[in-house]
2 protein chains.
Amino acid sequence: MDIVGVNKYIFGAPIETDAVTADIDGSEGNVRFVDVSDDKTVLTCKLGKSDKIYGLGEAVRGINKRGWIYETYCTDDPMHTETKRSLYGAHPFVVVDGESVFGLFVDYPDKIVFDVGYTKTNELKITVGAPDYTLYVIEGDTPEEIIKRFRSMIGQSYIAPFWAFGFQQSRWSYYTSKDVRGIIDGYRKNGFPLDAVYLDIDYMEDFKDFTVSTERFPNFKEFVSKVKEENIHLVPIIDAGVKMEDGYCVYDEGKQNGYFCKDKDGNDFIAAVWPGKVCFPDFLNEEASDWFGMKYKTLIDLGIDGFWNDMNEPAIFYSEKRLADALEKVVSYRGKNLGIYDFFGLKDVVLGLSNSYEDYSSMYHNMGGRKICHNRVHNLFGSRMTRSASNAFRKIAPDKNILMFSRASYIGMHRCSGIWMGDNQSWWSHIKLNLQMLPSLNMCGFLYTGADMVGFGDNCTEELALRWLALGIFNPLMRNHSALGTRDQEFFRFENKEAFKNLLSLRYALIPYLYSEYIKAVKNDELMFRPLAFAFRGDKFAEACEDQLMVGESIMIAPVYEPNAIGRNVYIPEDGMTEVRFKSPMQYEIKEVAKGHRFVEIADDEVVIYIRKGKALPLVKPASCTAELDLDTVSFIGTPDEGFAYTLYVEKGAENGESIIEEKVICP
Amino acid sequence: MDIVGVNKYIFGAPIETDAVTADIDGSEGNVRFVDVSDDKTVLTCKLGKSDKIYGLGEAVRGINKRGWIYETYCTDDPMHTETKRSLYGAHPFVVVDGESVFGLFVDYPDKIVFDVGYTKTNELKITVGAPDYTLYVIEGDTPEEIIKRFRSMIGQSYIAPFWAFGFQQSRWSYYTSKDVRGIIDGYRKNGFPLDAVYLDIDYMEDFKDFTVSTERFPNFKEFVSKVKEENIHLVPIIDAGVKMEDGYCVYDEGKQNGYFCKDKDGNDFIAAVWPGKVCFPDFLNEEASDWFGMKYKTLIDLGIDGFWNDMNEPAIFYSEKRLADALEKVVSYRGKNLGIYDFFGLKDVVLGLSNSYEDYSSMYHNMGGRKICHNRVHNLFGSRMTRSASNAFRKIAPDKNILMFSRASYIGMHRCSGIWMGDNQSWWSHIKLNLQMLPSLNMCGFLYTGADMVGFGDNCTEELALRWLALGIFNPLMRNHSALGTRDQEFFRFENKEAFKNLLSLRYALIPYLYSEYIKAVKNDELMFRPLAFAFRGDKFAEACEDQLMVGESIMIAPVYEPNAIGRNVYIPEDGMTEVRFKSPMQYEIKEVAKGHRFVEIADDEVVIYIRKGKALPLVKPASCTAELDLDTVSFIGTPDEGFAYTLYVEKGAENGESIIEEKVICP
C-alpha cells in the first residue's frame with residue numbers, strides 16, 4: 001500500500017529489521033531530496049546556512065544535530081563527551097528542516113555514518129556500510145508532520161505500566177536484601193515517595209542470568225512479596241551474555257540446542273563479560289530467542305514484574321582468542337625500551353580488547369537457516385533480546401504489564417520497551433544532555449525513557465542532585481542510578497532533605513499529567529517532549545532554543561543546569577504564559593509573563609515551569625507511591641480557555657500483557 | 001617586616017618554595033578565619049549559603065570554585081572533564097568572599113586537597129599532606145584587595161615579549177621545515193596575520209632536548225633566520241626528560257656530574273617518556289638547574305627566541321621497574337578466565353603505569369645536599385625547570401626578552417614565565433573553561449596565559465573554530481594548537497576564510513590595548529581579566545555571572561560557546577555601556593545599551609564587546625604581524641568621559657633579558 005508522503009526505495013538485498021510495521025510499496029525512479037551515489041552507499045544533500053537537522057535518537061549534542069558526525073552503531077561507551085559519535089542505541093532517522101523539509105529513515109542494521117555539516121558545513125552526507133538497505137523518504141509541511149508519518153510507519157510505542165512513572169532508585173549494587181531494605185527504609189522513613197528499587201548485577205549467583213544469590217538474597221520470593229506489599233517493585237538486571245558453566249541450566253540448554261552465536265567454524269562464539277567467559281544467545285534465531293524469553297519466567301514466578309536488559313550492544317570485554325593474542329603481544333614488550341609509539345601501542349593493545357570490530361566480525365547468527373555475520377546485523381542484537389522478553393511476557397503473565405527497558409536499541413524496539421540513556425556521568429553537562437535527548441528519542445519512537453538522574457559514573461554533589469532532580473521529575477523513566485565506587489546519591493542521604501522531599505512529591509503530583517501526555521503521544525504518534533522550534537515555528541529564538549522543552553500540551557520547562565547559579569535565562573515564546581514557581585506541590589506562586597527573554601531566579605529547592613496560555617496543568621495530591629495516588633481528585637492551575645477540557649488517562653489493570661487504559665475528560 | 005593585612009604562620013619545617021618574595025615576619029597566636037586541627041594538617045571554615053570562593057588558578061569548573069573538590073597536584077591529564085581534581089599547575093591560593101572576606105595561601109609543594117563545599121555544602125576544608133608548611137592569611141575589604149596583597153607578596157608577574165601577543169600557530173607536529181613553510185605560506189598568502197609557528201616534539205633528533213633533526217630541518221639556523229625576516233618566530237618545545245643515550249652530550253654531562261634525579265639507592269632514576277628511557281635533571285639542585293638552563297643556548301645560538309617547557313609535572317609514561325612488574329603481572333593472566341574484577345585489574349595494571357604516585361615516591365632530589373623524596377616537592381619540579389631556563393636567558397641573551405611558558409607550574413613561577421592551559425580538547429565546553437580560567441590564573445599571578453584555541457585533542461568543526469577564535473583574540477597567549485591524529489585546524493584551511501581573516505585582524509587591532517592592560521595588571525598586581533563579581537560587587541546578577549569577563553579597564557566580553565547558536569544571553573551590568581559589533585576591525589556597529597539582561601544575536605563571523613561608560617577602547621590598524629603594527633596611530637571607540645586619557649604601553653627593545661617598556665598617555 002501507499003502511505004501519503006512516504007517513498008520507499010529498496011537497494012540491493014536488505015536484511016529484514018522489522019523496524020517498519022506498515023506495508024509500504026516500493027517506489028521507482030529518482031529519489032527526491034538526496035543524491036544517491038552510483039554504488040548506492042552515499043546519500044548527500046546540500047544544506048542552507050540555517051537549515052536544521054533533527055533526529056538520530058540517542059546521541060550527544062543538541063536537539064539540532066547540525067555540526068557533528070554521528071554513527072549509528074550500538075556502542076558501550078560511558079564517556080559521553082560531546083565528541084562521541086555513537087552511544088548505545090542506533091536510530092538512523094533524520095529530519096531536515098530548512099530550504100527543503102523532509103525526513104530520511106535509512107533502515108540498515110549495521111553502521112551508518114551521518115556527517116551533518118561536519119566535513120562540509122553545507123552538506124549532509126550519509127554513508128551506509130553496504131548497498132543493501134531500505135531508504136524511506138518522508139515528506140511533510142513541518143518536521144512534526146514528517147515525524148508523525150514516520151512514527152505511524154514504525155508502529156505504536158511501548159506503554160510502560162503506570163507504577164513505572166513512580167520514582168525508582170538504583171545503584172551498582174545493592175548487594176543484599178538488607179541493603180535493599182535499607183534503601184526502602186531510607187526513603188520511607190523520611191517520608192520520601194518511592195516505587196521501585198533496582199537490582200544490579202550483584203543480585204545474581206556469579207553473574208548468571210535468571211539466578212538469585214541465595215546467600216545474599218535468602219527467601220527471595222518472600223522478600224519480593226514483602227516489599228511489594230509496601231508498594232515497592234524490585235527490578236533486576238538481565239545481561240546478554242550467558243555464563244559458560246556446565247550444570248548451569250541456561251548454559252546447558254543453550255549449548256545443547258545450538259542456541260548460541262557461533263564462530264566462523266560453527267563452534268560457540270566465546271566472549272567475556274562480568275562472569276568471565278560467556279556465550280551469547282542468538283537473538284536473531286527465532287527459536288533461540290523464544291527460548292531465552294521464556295527464561296524470564298523464573299524471576300516472574302518469584303514475583304518480579306520489571307526488568308532492564310543490559311550489555312546488549314553486545315558489550316564484550318574481550319574474546320578468548322583476542323585476549324590470548326593481546327597477552328602474547330604484551331609479553332613481547334618485556335625487556336624493551338618503549339618509546340612513544342611502542343608505549344601507546346601497548347596501551348592500545350589492552351584498551352582495544354573491548355567491543356572490537358574484529359570480534360563482531362567473527363561472530364555469526366543463524367537467521368532462518370542463513371549464517372549471517374554479526375557485523376551485518378550488529379544494531380539488531382539488543383533489540384531482539386528485548387523483543388524476546390517482551391514476547392514471552394505475554395505468554396508468561398498476560399494479566400500483567402511487565403516493565404521492560406533496554407540499553408541497546410534499534411528502531412522497532414520502541415514497540416516493546418523503553419530505553420534508558422545509558423551510563424552517563426554526574427556531570428552538569430549531562431543534565432542538559434538529558435533534556436536534549438528527550439525530544440530526539442521521542443522522534444524515533446522511544447517515549448518511555450530517561451537519563452540516570454544525578455549521573456551514573458563519577459561523583460555528584462548535593463547541588464547537582466537537586467538541579468538534576470528538577471529536570472528528572474519530568475522524565476517518564478525517573479531513576480536515580482550510580483556506579484560502583486562513586487559517592488552515594490540516594491536522595492535521602494543529602495543535607496537539605498526538605499527540598500528533596502518536596503521535589504519528589506512534586507513528581508507524584510505531576511504523574512497523572514505526565515502519564516496522560518505520554519499516552520497521548522503514544523496514541524497519536526506524537527512527541528511528549530517537543531522542542532520550542534516545533535511549537536513556535538518561524539520564531540527564530542524558539543528555533544535556536546536548545547535548553548527548554550514543551551512537555552505535553554500544557555507546559556514548558558527550563559531547568560537550571562549550571563553550578564552555583566541563582567537562576568537562568570528563559571525564553572518565553574508567547575504572551576500570556578503562567579509562570580509557576582513550586583517550592584512543593586502545595587506551595588507555589590503564580591504570575592503571568594509576557595513573550596521575550598528574561599532572567600529568572602530559581603533557587604535550588606524550587607522548580608519553575610510555564611503553563612501555556614489557554615491551557616491548564618492538572619495536579620493531584622502527592623503520595624508515597626503511585627498506588628496511593630488519588631486520581632479522582634484533580635486540581636488545575638493555569639489560565640484555561642473557556643471550554644478547556646483535559647483528557648486524563650488512567651491505568652485500570654492489564655490484559656494480553658498490556659495496560660488497560662481508561663480515558664476521562666475533566667473540566668477544571 | 002609586616003605587610004598590612006597579611007599574617008604568616010609557619011607550621012613544622014616547611015620546604016622553601018620561593019613562592020613568596022616579600023620578607024614577612026611570622027605571626028604568633030590563633031589563626032583568624034580558619035580552624036586549624038591539632039595536627040595542623042586540616043584547615044576548616046564554615047561557609048554561608050551564598051559565600052563564594054575564588055582562586056585555585058588552573059582548575060576545572062567555574063570562576064566561583066564552590067561545590068567541588070580540588071587537589072593542587074601537577075598532573076598530566078588531558079581529559080579536562082568537569083570532575084577532574086587536578087590539572088597541570090598547582091596554585092593553592094583561595095579567597096573566601098562572603099560573611100567573612102579573606103584569602104589563604106597554603107605554601108606547600110606537594111598535594112593539598114581543597115574541599116570547597118563538596119563533602120559538606122557549608123564547609124571549606126583544606127587538607128595538607130604534611131604539617132610542614134607556611135600559611136598566609138590575607139585580609140582585605142574585597143577579594144580584589146586581598147588578591148592585590150597576595151600578588152604583592154609573591155612578586156611581579158612575568159612580562160612576555162610584545163611579539164608574543166601576535167597570533168601563534170602550533171600542531172603536534174610540523175615534521176619538516178617544508179611543513180613549517182607550508183603553514184607560514186597558508187597564513188601569509190591568504191593575508192592572515194601570524195607571528196609564530198611552534199615546533200612540537202618531532203623537530204628533535206629522536207626526542208632529544210636541544211637537538212634538531214638535520215634530516216627534517218636541514219640548515220636550521222638559516223631557516224630560522226629566513227622566517228624571522230618574515231617576522232615569524234619559531235618556538236620549539238623542551239621536555240623535562242633527557243634521553244638515556246651514551247654519546248648524547250646532555251645525557252653524558254648530566255650523568256657524569258650527578259645532575260639527574262636518583263632512586264633510593266642513589267642510582268639515576270630511570271623513567272620513560274617520548275624517547276623511551278630518560279633521566280630527569282634535578283631542577284631542585286641549583287647546580288644541575290643552572291647547567292640545564294644554559295643548554296637552551298644551543299637553540300638560542302640558532303636564532304630561537306621563544307620556548308615552551310612541556311611534560312614537566314613531570315609526566316612519566318612508566319618507570320623501568322614498574323613496567324617490568326606490570327608486564328609480569330599481565331603475563332600471569334595468560335590462560336585464565338577473567339571475570340570483571342580480573343579484567344578491570346588487567347586494564348588498571350596498564351593504565352596505572354603512567355604518572356604513578358609510586359614512581360614519584362621512589363625518585364629523589366638533592367636540595368643543597370639534602371636528599372629529598374620527590375613526593376615532598378612534586379609541585380616545584382616544572383617551576384624550577386622553567387626558572388632554570390629563565391635565569392639562563394639573562395646570561396645567554398640579555399639584549400632579548402625570550403618568550404617562555406610552561407605546562408606545569410607552582411606559584412612563584414609566574415615571575416619568570418607564562419603558562420598555557422594544557423592539553424585541552426576541541427570541546428565547546430572548553431571555550432567556556434578557557435574563559436573561566438583566565439581570572440583564576442590572574443589571581444595567582446599568571447597573566448601571560450591562554451588555552452589552546454580550537455582545542456588540542458579531539459576533532460574541531462569550523463563553527464567551533466570561529467566561536468573559539470572570538471574569545472581567543474582576547475587571550476594574551478593566543479595559540480591554535482592540536483594533537484596528533486586530529487583534524488587539521490589551521491585557520492586558513494576552513495571554508496569561510498573571510499571571517500577568520502577578519503577576526504584575526506581584529507586581534508591585531510586590539511593588541512596595543514591588550515598589551516597595555518596586561519602591563520598595567522603586571523605593574524599594579526591586578527587582574528587583567530576580572531569577573532563581573534569583582535567589578536560590580538553587590539549586584540547579584542554580576543556576582544553569579546560565570547560567562548562574561550571584564551578585560552582591562554575599558555571592555556567586557558561575552559563570547560558564544562554553544563553550537564548552532566544565533567547569539568547568547570548577556571548581562572549588562574551598568575547603564576550606558578556601548579555595544580560594539582565587529583565584523584572586522586574596520587567594520588563595526590555601535591549602540592548604547594542599558595543595564596539588564598538581554599539576548600544578543602551574534603553571528604559566527606562577528607565579535608560583540610561592550611565598552612564601559614566613560615571609557616574608550618584604543619584600536620590600531622591591523623597588520624600581518626606585531627612588528628608591522630603602527631602604534632603611533634591610535635583611534636578610539638566608546639563614550640569617554642571628558643578628560644579621559646588612555647595609558648598605552650609600548651615595548652622598545654630589551655635589556656637584562658627584559659622588555660624596555662615606554663608609557664604614553666593619549667587623549668582620544
Side-chain angles (χ1 to χ4, degrees), chain A residues 52 61-62 64 66-68 81-83 117-118 120-121 207 272-277 317-318 323-324 327-328 330-331 333-335 337-340 342-343 346-347 350-351 425-429 458-459 461-464 495-496 540-541 544 546 562-567 569 571 597-599, chain B residues 52 61-62 64 66-68 81-83 117-118 120-121 207 272-277 317-318 323-324 327-328 330-331 333-335 337-340 342-343 346-347 350-351 425-429 458-459 461-464 495-496 540-541 544 546 562-567 569 571 597-599:
Chain A
K52 292 164 185 66
R61 297 199 165 216
N64 177 3
R66 188 157 181 175
W68 195 240
T81 54
E82 59 185 71
T83 51
Y118 166 80
K120 294 182 184 172
T121 57
F207 311 115
V273 203
W274 308 116
K277 291 181 201 169
F317 288 170
Y318 61 87
L323 180 66
L327 294 184
E328 280 316 310
V330 170
V331 170
Y333 286 113
R334 276 199 291 187
N337 179 1
L338 312 180
I340 162 181
D342 281 334
F343 183 66
L346 167 64
K347 289 215 285 194
V350 176
L351 292 179
Q425 305 279 334
S426 293
W427 295 350
W428 287 89
S429 56
D458 240 325
N459 292 311
T461 65
E462 176 154 348
E463 189 197 12
L464 176 88
E495 294 169 15
N496 188 356
K540 66 183 170 184
F541 300 117
E546 285 278 353
E562 298 286 349
N564 295 312
I566 59 169
N569 290 287
Y571 178 60
H597 296 275
R598 63 185 57 229
F599 186 90
Chain B
K52 291 164 186 67
R61 297 198 165 216
N64 178 2
R66 187 156 182 175
W68 195 240
T81 53
E82 60 186 69
T83 50
Y118 166 80
K120 294 182 183 171
T121 58
F207 311 115
V273 204
W274 309 115
K277 290 181 200 168
F317 287 171
Y318 61 87
L323 180 67
L327 294 184
E328 280 316 310
V330 170
V331 170
Y333 285 112
R334 276 198 291 187
N337 179 1
L338 312 180
I340 162 178
D342 282 334
F343 183 67
L346 167 64
K347 290 215 286 192
V350 176
L351 292 179
Q425 306 279 333
S426 294
W427 295 350
W428 286 89
S429 56
D458 240 323
N459 292 311
T461 65
E462 177 155 346
E463 189 196 12
L464 175 87
E495 293 168 16
N496 189 356
K540 66 182 171 185
F541 300 117
E546 285 277 352
E562 297 287 348
N564 295 312
I566 59 168
N569 289 287
Y571 177 60
H597 296 275
R598 63 186 56 229
F599 186 90

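In what follows, chains carry the letters A, B, and so on, assigned in the order in which the sequence lines appear, proteins first and then strands, with residues in each chain numbered from 1. Not measured: the values here are computed from a predicted model.
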Kindly say whether the aromatic ring centers of Phe599(B) and Phe541(A) come within a distance under 6.0 Å. yes
Okay, Ala324(B) and chain A: the region with an atom under 4.5 Å from a heavy atom over there is neither
Most heavy-atom pairs under 4.5 Å with chain B, out of Val350(A), Thr461(A), Leu338(A), belong to Leu338(A)
Whatever's closer than 4.5 Å to a heavy atom in chain B on Leu323(A) counts as side chain
Is the backbone of Lys277(A) close enough, under 3.5 Å, to the side chain of Asn337(B) for a donor and an acceptor to pair up by distance? yes
So, the part of Asn64(A) with a heavy atom under 4.5 Å from chain B: the answer is both
Applying a strict 4.5 Å limit to non-hydrogen atoms, the region of Ala272(A) in contact with chain B is side chain
Okay, Ser429(B) and chain A: the region with an atom under 4.5 Å from a heavy atom over there is both
So, the part of Asp458(B) with a heavy atom under 4.5 Å from chain A: the answer is side chain
When the 4.5 angstrom heavy-atom criterion is applied to Lys52(B) and chain A, the contacting part is neither
inquiry  = Run Val330(A) and Val331(B) through side chain to side chain contact (heavy atoms under 4.5 Å, CB included) and show every step you take.
reply    = CA-CA 8 Å; Val330(A) 170; Val331(B) 170; 5.8 Å; no
Rounded to the nearest 0.5 angstrom, the OH-CG distance for Tyr571(A) and Asn569(B) is 11.5 Å
The interface call for Arg61(A) against chain B, heavy-atom contacts under 4.5 Å, is side chain
If one checks every heavy atom of Gln425(B) against chain A at 4.5 Å, the contacting part turns out to be neither
Give the C-alpha distance, both sets of side-chain angles, the deciding distance and a yes or no for side chain to side chain contact (heavy atoms under 4.5 Å, CB included) between Tyr118(B) and Asn459(A).
CA-CA 10 Å; Tyr118(B) 166 80; Asn459(A) 292 311; 3.2 Å; yes
Comparing Tyr333(B), Tyr318(B), Trp68(B) against chain A, the one with the most heavy-atom pairs below 4.5 Å turns out to be Tyr318(B)
| said: With side chain to side chain contact (heavy atoms under 4.5 Å, CB included) as the criterion, how do Leu351(A) and Leu351(B) come out once you've worked through the C-alpha distance, each side chain's angles and the decisive distance to 0.1 Å? | reply: CA-CA 9 Å; Leu351(A) 292 179; Leu351(B) 292 179; 3.7 Å; yes
Whatever's closer than 4.5 Å to a heavy atom in chain A on Ser426(B) counts as backbone
Okay, Phe207(B) and chain A: the region with an atom under 4.5 Å from a heavy atom over there is side chain
Exercise for the section: Verify side chain to side chain contact (heavy atoms under 4.5 Å, CB included) between Lys540(B) and Ile566(A), making sure each step is shown before the conclusion. Expected result: CA-CA 8 Å; Lys540(B) 66 182 171 185; Ile566(A) 59 169; 4.3 Å; yes
message: Distance alone, cut at 3.5 Å: any donor-acceptor contact between the side chains of Glu462(B) and Thr121(A)?
response: no
Given Glu495(B), Glu546(B), Glu463(B), Arg598(B), the one with more heavy-atom pairs under 4.5 angstrom with chain A than any other is Glu495(B)
All heavy atoms of Asn564(A) vs all of Arg66(B), minimum pair found to be ND2-O, 2.9 Å
Electrostatic pair Arg334(B)-Glu328(A), nearest N-O below 4.0 angstrom
yes
